[in-house]
Asker: 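Attaching a single structure in structure tokens format; questions to follow.
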Amino acid sequence: MKTTNLILNASNINGGYGKHQVLRDVNINVGAGEIVGICGHNGAGKTTLLKSIFGIQPLTSGEVVFKDKDVTGFNTSKVTALGMSFTPSDRPLFRDLTIVENLQLGAHIVKDRSLIADRIAEVMEIFPILAERRNLLAGRLSGGQQRQLSLGMALMVQPSVMLLDEPSLGISPAVVEKTFEIIKDLAARKGMSVLLVEQNVRAMVKITDRVYVLRNGEIVLEESGDDSRKRTDWWQLF
Amino acid sequence: MNFDLVAQLAISGLVIGSLYALLGVSFGLVYQTSKIFHLAGAIPFAAAGYAAVWAAKSLQLSIWLSIFIGLAAAVIIGVLILVLGYFPLIKKKATLLSLFLISLGLSVAFPNLLQIVFGVDNLPLEVYDAEGNPAVPFANPTYASGFLTITKLNIVQVVSSWLLVIAVLYTIKKTALGRSITALRTNPAMASAVGINNKVVYLVVFSVSSFLMGVAGILITLQFVANPTMGLQWTLIGFIAVFFGGITSLGGSALGGLILGLLSSLSGIWLGSQYAPIVTFAILFLTLLIRPQGLFGKEAI
Amino acid sequence: MKLQNMKRKWIAATLASGLLVSAFSGISATSANAAPSTCINKIFGAGGKAAGQGVTINAGMLLAMTGAGSFFGDVMSKGAKLAAEQIKAAGGFNYKIQIADHKNGDVPTALTEVKRMVSQGKIKVLQTSYGAPSEAIAPIIAANKVLTLNGGGSSPGQLKKDYLWQNRMLFGEDPTAGALAWIHKKYPTAKKLAIIGTQENGVGAQTTTAPNAWKKLTGGTIVATETHDVGATDFTAMASKIKASEADAIITYSFGNDPGYQVKAFRQANITAPIMGIEFTSQAQEVAGASYDTFTFATDFYNVANPNPWNKCYVAAFKAKYGEDPEYYGSNYYEQVFIYWELVKRVIAKGGNPNDSKQLQAALKANPTFNSVYGGDAKKVGQASFLLSDHSISKPMGVFTVKNGKPVLTQGIVKVAASADPNSALK
């Protein structure tokens, strides 16, 4: 499937930990404004793929092009400065700092510090609960609120692409759907692209424009959002 | 009970406890940020003393300039330990144990180096004449009020230790640098995700920590002398202060140091002086047994 | 604190391979037929065959060459090397030195090194140092008949051991009576004594000898007994307690740097009572600085300014060779080489084999008095005698005060029996 206006293109990605190869010739791309999902079994290499794109996990071979720029091997502060954000699945915030401090840290690479107050205000407008509890330690927030904060932190750099690793982790089932709604809404509102990795396929496909299935480090399926929403045989694919 | 004695012992405990607090914050800062058991913090401690004496003796500098050179030497050598010692190992994903072993090795080898270069003599920090002989001793008058005494240097030790401790705590709490340190300490993966460059933070943390060690080294050299093994004994107590006060809390480390100093000094009311080090270790042991997170530390999450 | 000892061991261990010194003395080959008439010949007689010329004796030295005590190893080896050179130049025997490092008193290392020197180095005589290693090697030197002298670190555990002789007064024990008698003479109203020390050395003096002598002298009391770990630096808490005890006088059996830290802390706490110690080192003086001028000590202290002709000859040669004044430890090890020389001469005179330590020890027992750089006067070389009963030595001792950082003899004292009147220790 061809997508016009590619904002992120990762090609022939190979990578892993030491001698253990996790990713094998992975090719994925994200178009401007597109929400792309990656699903697959535990250990299929989903998180490693996100980390490889963001530059936390070194590649053995392959190329990552972001906004027509080869960013392979860039460190995270450079990639972030170009407009990519990454939100890890586990503890995506700083529990011992207040909400405001977390948001400030989200904007760590923003050189012009005068922008920060405005952006915090903007994030708080999107997530009013964060404004209410601005001086509370982040660790005191509920799971769903923590997710909101972590999205808010990502927004602080005004990213063109958000990489989200399992945004449904650690929040109650009732809130999962709402969180995905928020993500979809944000992408639309900001004209942002989203590349997200998720175990909860059913929730994910409700918002994705396109889906990849990763198995044993290889892409085994790529299909449109509409096709994926019709699919009932997910487990066989994994 | 002799009230005069208790009060005097409390004064001694305050002086020594303030130095422990300074060392505790210095060690805690490095440990919290990098998880490195930075025993080699003893090196900037001794380097400060030796560089200051060297400047006073060989360059004929005033005490103040010599102290400045001593502190600069402490920071430089502390950063060198990080850049040449720890960074290559961290890059190779060495375990914390191997980092500790490097630290241990350095802290053991350095006194020998000092001994080879400067000899085994005790070197006082004072004004030297052109031949390198002590000329004007460092003036340290004693102030007395009845039974109680305290020296001018003791007052300087207490005041400068707490000013620095408060400055560091304030920086951690209130500045962007402090937030980066907290971020790296509590969640290194997320810190990397928001683009915090941990190398830069480490450099700043080691500079500050080595500076604090250097200040402690200078204060001890002024009180006594510089000698090759001066660093280790003091820094070990600094480590105990950290575990006693709580490894997760810098303020706790500082208070831990103060309480440790007071307890080991006040134990003199009942116990002979040879028990003071035993008291120190017993306090650590009991703390680890009853409250492993330390007096002011948070439970592990 | 014990950390000090741990540190020493770590330090010693790291340097072990690199700095294990097995140096041989740098004796230059002076021509034998030059007719020397050195100051040594004036005191010890002419050189030549009867003086051991041409006889080589393999001599070991067991010293602290690395670690915190390397200062001691350095000065001890300097003293012995100078003596060997002077004796050879004066037409005496060839004292061929090999030095082994006991790594600042590490007993297992000392045992290994002495065994090695005996089996491979073929040593016949040995100069040892420190208390613990010297006690430990006693069985080896007795079994192999190596006549051994210890000039630094005497202890009761080394007494009455075959082939082992002490060239230093017993630490703390021997000068106690004289030290307290001097305090009593100088401060007749002093009744309350504070005793300070460690549990490493001089324990008997702290717990028994000093309290008994003080009561005999003054009828007074011991108001404070404080012990601390070797190598402690912070004596502020102890100062508070000594001050609260209102002691009229203080005697400290601490050694090394420790008395320096004590005197400084005590004076800063405005304690004005006299402080008597039992050793002086320039290291401790550096620690205490000007406050050490209020310090008094009683010991068999080596006095550079002693006008005894041998001492003058020694000091001049030491300065010429090393550019500094000799000190206490170096001097004992210097003296000891001359004791061996004297024994070699005696064995040769009897037609014996000077390379047989059994004959050397027999010659020592036959007449245990030797020349000394201690004592004496401008005309007369000093003398010291080994006690055959326990292999200890009796040397001239003194009470010294410190003036401008330098010790000055103020009162000669001698060793007296525990049962005797302590006042009789004042000479």
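Letters go in sequence order (proteins before strands), and every chain restarts at 1.
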Asker: How many angstroms lie between atom CG of Asp234(C) and atom CD of Gln223(B), to the nearest 0.5 angstrom?
Answerer: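 Taking CG in Asp234(C) and CD in Gln223(B), the distance rounds to 7.0 Å.
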
Asker: Run the side-chain hydrogen bond (donor to acceptor under 3.5 Å, both in side chains) test against Ser161(B) and tell me which residues pass, sequence neighbours left out.
Answerer: none

Asker: Tell me whether the guanidinium CZ or amine NZ of Lys243(C) lies under 6.0 angstrom from the six-membered ring centre of Phe147(B) and within 45° of its axis.
Answerer: yes

Asker: Examine whether an atom of Leu153(B) lies under 4.5 Å from a heavy atom of chain C, and if so say whether it belongs to the side chain, the backbone or both; otherwise answer neither.
Answerer: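 For Leu153(B), neither part sits under 4.5 Å from chain C.
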
Asker: Using every non-hydrogen atom in the two residues, find where Asn257(C) and Asn122(B) come nearest and quote the distance to one decimal.
Answerer: OD1-ND2, 2.9 Å

Asker: Just to verify, what does Asp74(C) make a salt bridge (charged side-chain N to carboxylate O under 4.0 Å, His left out) with, not counting sequence neighbours?
Answerer: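 Per chain and number, Asp74(C) pairs via salt bridge (charged side-chain N to carboxylate O under 4.0 Å, His left out) with Lys78(C).
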
Asker: Could you check if a side-chain atom of Ile16(B) sits within less than 4.5 angstrom of a side-chain atom of Thr236(C), using non-hydrogen atoms only?
Answerer: no

Asker: Given that the side chain runs from C-beta out, which part of Asn227(B) has a heavy atom under 4.5 Å from chain C: side chain, backbone, both or neither?
Answerer: side chain

Asker: Where does Pro228(B) contact chain C at under 4.5 Å (heavy atoms): side chain, backbone, both or neither?
Answerer: neither

Asker: Would you find a donor on one side and an acceptor on the other, under 3.5 Å apart, between the side chain of Thr142(B) and the backbone of Gln268(C)?
Answerer: yes

Asker: List the atom of Ala269(C), the atom of Thr149(B), and the distance in Å for their closest heavy-atom pair.
Answerer: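 Closest heavy-atom pair between Ala269(C) and Thr149(B): CA-OG1, 3.5 Å.
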
Asker: Other residues, nucleotides and ligands only: do more than 12 of their heavy atoms fall within 6.0 Å of NZ on Lys406(C)?
Answerer: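 No, the 6.0 Å shell around NZ holds no more than 12 heavy atoms from other groups.
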
Asker: Identify the heavy atoms of Asn270(C) and Ala144(B) that sit nearest to each other, and give their distance.
Answerer: ND2-CB, 3.4 Å

Asker: To the nearest 0.5 Å, what is the distance between NZ on Lys264(C) and CG on Asn140(B)?
Answerer: 7.0 Å

Asker: Looking at Gln199(C) and Gln274(B), what are the two nearest heavy atoms and their distance?
Answerer: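 Closest approach of Gln199(C) to Gln274(B), heavy atoms only: NE2-NE2, 4.0 Å.
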
Asker: If every non-hydrogen atom of Ala237(C) is compared with every non-hydrogen atom of Ser12(B), which pair is closest and at what distance?
Answerer: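 What the structure gives for the nearest pair is N-OG, 4.3 Å.
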
Asker: Which heavy-atom pair separates Gln233(B) from Gly231(C) by the least distance, and what is that distance?
Answerer: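 Here Gln233(B) and Gly231(C) meet closest at OE1-O, 4.1 Å.
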
Asker: Kindly compute the distance separating CG (Leu9(B)) from CE (Met238(C)), expressed to the nearest 0.5 Å.
Answerer: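 Atom-to-atom, Leu9(B):CG and Met238(C):CE are 12.0 Å apart.
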
Asker: Taking side chain as C-beta onward, heavy atoms only, is Lys241(C) less than 4.5 Å from Leu5(B)?
Answerer: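 Answer yes - side chains close enough.
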
